[in-house]
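Notes follow the structure.
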Amino acid sequence: MHTTALTDTAAFQALQQHHAQAAGWHMRDLFAQQPDRFERMSVRAAGLLLDYSKNRVGSDTLSLLMSLARERGVEALRDAMFGGEKINFTEHRAVLHTALRAPAGACTVQVDGQQVGPDVQAVLGHIRDFAGRVRDGQWRGYTGREITDIVNIGIGGSFLGPQMVCTALHDYAHARLKAHFVSNVDGHDLHEVLSRVDPETTLFIVASKTFTTQETMLNAKSARAWFLRHGKEADLARHFVAVSTNATEVAAFGIDTANMFPFWDWVGGRYSVWSAIGLSIALLVGFDNFSAFLAGAHEMDRHFREAPLETNMPVIQALIGIWNRNFYNSESLSIAPYHQWLRYFPAYLQQLDMESNGKRITRDGTPVGVATCPFIWGDVGTNGQHAFFQLLHQGTDVTPIDFIAVLKPTHGIAEHHDVLLANCFAQSEAFMRGKDAGEVRADLQRQGVDDAELNALLPHKTFDGNRPSNTILLPELTPKSLGSLIALYEHKTFVQGAIWGINSFDQWGVELGKVLAKTIHGELKAEANPALHDASTNALIALAKQARQA
Ligand code: F6P
């Protein structure tokens with residue numbers, strides 16, 4: 001708990017003063033003055049490289065930001081997290097997703113006097129065994145055919161991680177297996193997946209930490225009803241398995257708890273891809289690749305835990321984000337993965353970052369007093385370039401961007417990768433440099449444009465530049481590098497939450513809508529029209545009821 005408000009800390013105030021100067025800098029000049037800026041402002045960890053030189057920072061900025069991290073107790077909170085303390089105090093829970101990826105025997109952390117390492121290893125053993133049996137064809141459907149399709153039914157953290165990772169590791173997929181994801185309660189989602197799979201060869205994973213989530217339970221019930229139009233009750237066990245912390249609800253749903261893969265309340269939903277929630281990943285890419293994915297995350301954990309703040313990749317990334325958010329007032333952060341298989345990474349980060357740090361109250365119950373999590377959004381490069389990059393280059397808001405690029409492709413199609421990387425690097429250069437009026441004028445004169453036209457075009461063709469970005473490079477997109485990349489963002493999120501003084505591990509904000517949806521669901525089904533809400537909500541309910549009756 002902090003005793004001083006963030007804005008009253010000496011480090012924050014020093015940064016405010018420093019910003020008064022820094023606001024006048026242009027990165028073009030910083031690069032011109034510092035030929036070694038890349039060496040000074042890039043860091044390597046767990047095989048990844050973070051280039052943060054294209055930010056509006058100098059070495060003074062970084063040391064002031066480091067002081068802020070120290071003054072806000074980032075290191076102590078980090079150690080408390082790794083040590084199994086119940087830092088998610090609003091839910092009285094430890095935060096130990098890092099224990100899920102610690103090597104066997106290396107995890108000594110306890111929760112309520114109980115070692116967590118042996119439980120983690122036991123579940124991993126179950127996953128290894130089950131994934132092996134499905135992949136090698138021993139586990140078969142009710143008519144004796146091999147499993148060909150895996151349907152993960154889950155939402156939020158029980159969906160976004162598995163879908164993102166299965167897509168990213170597409171190259172490692174078993175030739176016979178396809179992974180599908182049903183998350184939305186909109187029946188079109190389930191309908192579309194069911195129309196593509198065969199009940200005889202489909203394995204459903206009902207993935208829900210609580211096993212009470214309305215969307216998942218309804219999708220699971222409907223999937224079971226669909227299955228029972230083909231197979232029998234006794235066949236369900238071969239086709240439905242569960243991943244949950246709630247054995248009672250799993251049994252009540254009718255899934256044999258022998259086919260349940262448990263995890264624990266100290267794993268937050270948005271941090272659960274490393275747990276049995278990753279079962280679809282282990283099935284698709286194999287247990288060895290799933291282990292490599294965990295190992296990549298563990299390598300980043302060790303770096304985060306052991307490296308001094310000044311060379312600590314997640315800490316640096318977090319502090320750059322704080323600088324942009326709290327001193328330059330950037331309202332959003334755009335994620336631009338230059339790899340087609342990382343197309344779900346922005347959506348994954350939306351939950352990770354916004355559900356963690358979309359908070360306005362500090363750990364001591366008072367308003368934070370500064371802006372917290374920016375909006376996270378984005379799309380793969382080069383697609384985004386032809387959609388929203390115009391605004392990023394010349395719009396009125398300055399939006400920082402994380403470029404994520406992979407050096408080596410796995411396809412052998414000539415030239416594409418060079419063009420892809422050229423675009424990625426060119427964009428970050430353009431955002432940084434811009435194009436000033438002198439350059440635009442010289443260009444137009446070279447093209448023979450007359451003076452009147454030139455003066456009219458000049459302001460439209462000028463780019464201010466000085467727009468910040470990070471570039472993260474992965475040598476290749478492998479299970480290990482992907483694990484490291486996700487863990488990097490997890491720890492970045494953690495550090496920012498620690499600086500803002502908020503609890504990054506609860507999510508009370510999603511509850512109100514869930515409760516109201518239950519009430520309205522009842523009203524939609526009822527005969528009467530009690531008009532219990534505001535005029536807008538009452539009218540919308542009435543229209544939906546009319547449409548049902550029509
Ligand atoms: O509503 C938000 C949330 O609780 C997320 O935090 C979680 O990942 C998601 O719902 C799904 O929850 P569950 O895994 O319990 O179904």
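In listed order, ligands and their atoms are each counted from 1. Numbers here are sequence positions counted from 1. For clarity, every value in this text was computed on a predicted model and none was experimentally measured.
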Residues that Thr519 engages under side-chain contact (heavy atoms from CB on, under 4.5 Å), provided they are two or more places apart: Glu523
Every pair of nitrogen or oxygen atoms between ligand 1 and the protein that is under 3.5 angstrom apart - can you list them with their distances to 0.1 Å?
residue  : atom   : partner : partner atom : Å
ligand 1 : 1 (O)  : Lys514  : NZ           : 3.1
ligand 1 : 6 (O)  : Glu355  : OE1          : 2.6
ligand 1 : 8 (O)  : Gly157  : N            : 2.7
ligand 1 : 8 (O)  : Gln351  : NE2          : 3.1
ligand 1 : 14 (O) : Ser158  : OG           : 2.6
ligand 1 : 14 (O) : Lys209  : N            : 2.7
ligand 1 : 15 (O) : Ser208  : OG           : 3.4
ligand 1 : 15 (O) : Lys209  : N            : 3.3
ligand 1 : 15 (O) : Thr210  : N            : 2.9
ligand 1 : 15 (O) : Thr210  : OG1          : 2.6
ligand 1 : 15 (O) : Thr213  : OG1          : 3.4
ligand 1 : 16 (O) : Ser208  : OG           : 2.6
ligand 1 : 16 (O) : Thr213  : OG1          : 2.5

Atom NZ of Lys178 with >12 non-hydrogen neighbours under 6.0 angstrom: no
Backbone of Thr372 reached by a side-chain donor or acceptor of Arg360 within 3.5 Å: no
Donor-acceptor pair between Thr210 and Thr213 side chains, under 3.5 angstrom: yes
Phe505 and Phe89: CA distance, side-chain angles, deciding distance, ring pair (Phe, Tyr, Trp, His ring centres under 6.0 Å) verdict: CA-CA 9 Å; Phe505 300 100; Phe89 70 96; over 10 Å; no
Over 12 non-hydrogen atoms of neighbours within 6.0 angstrom of CZ in Arg140: yes
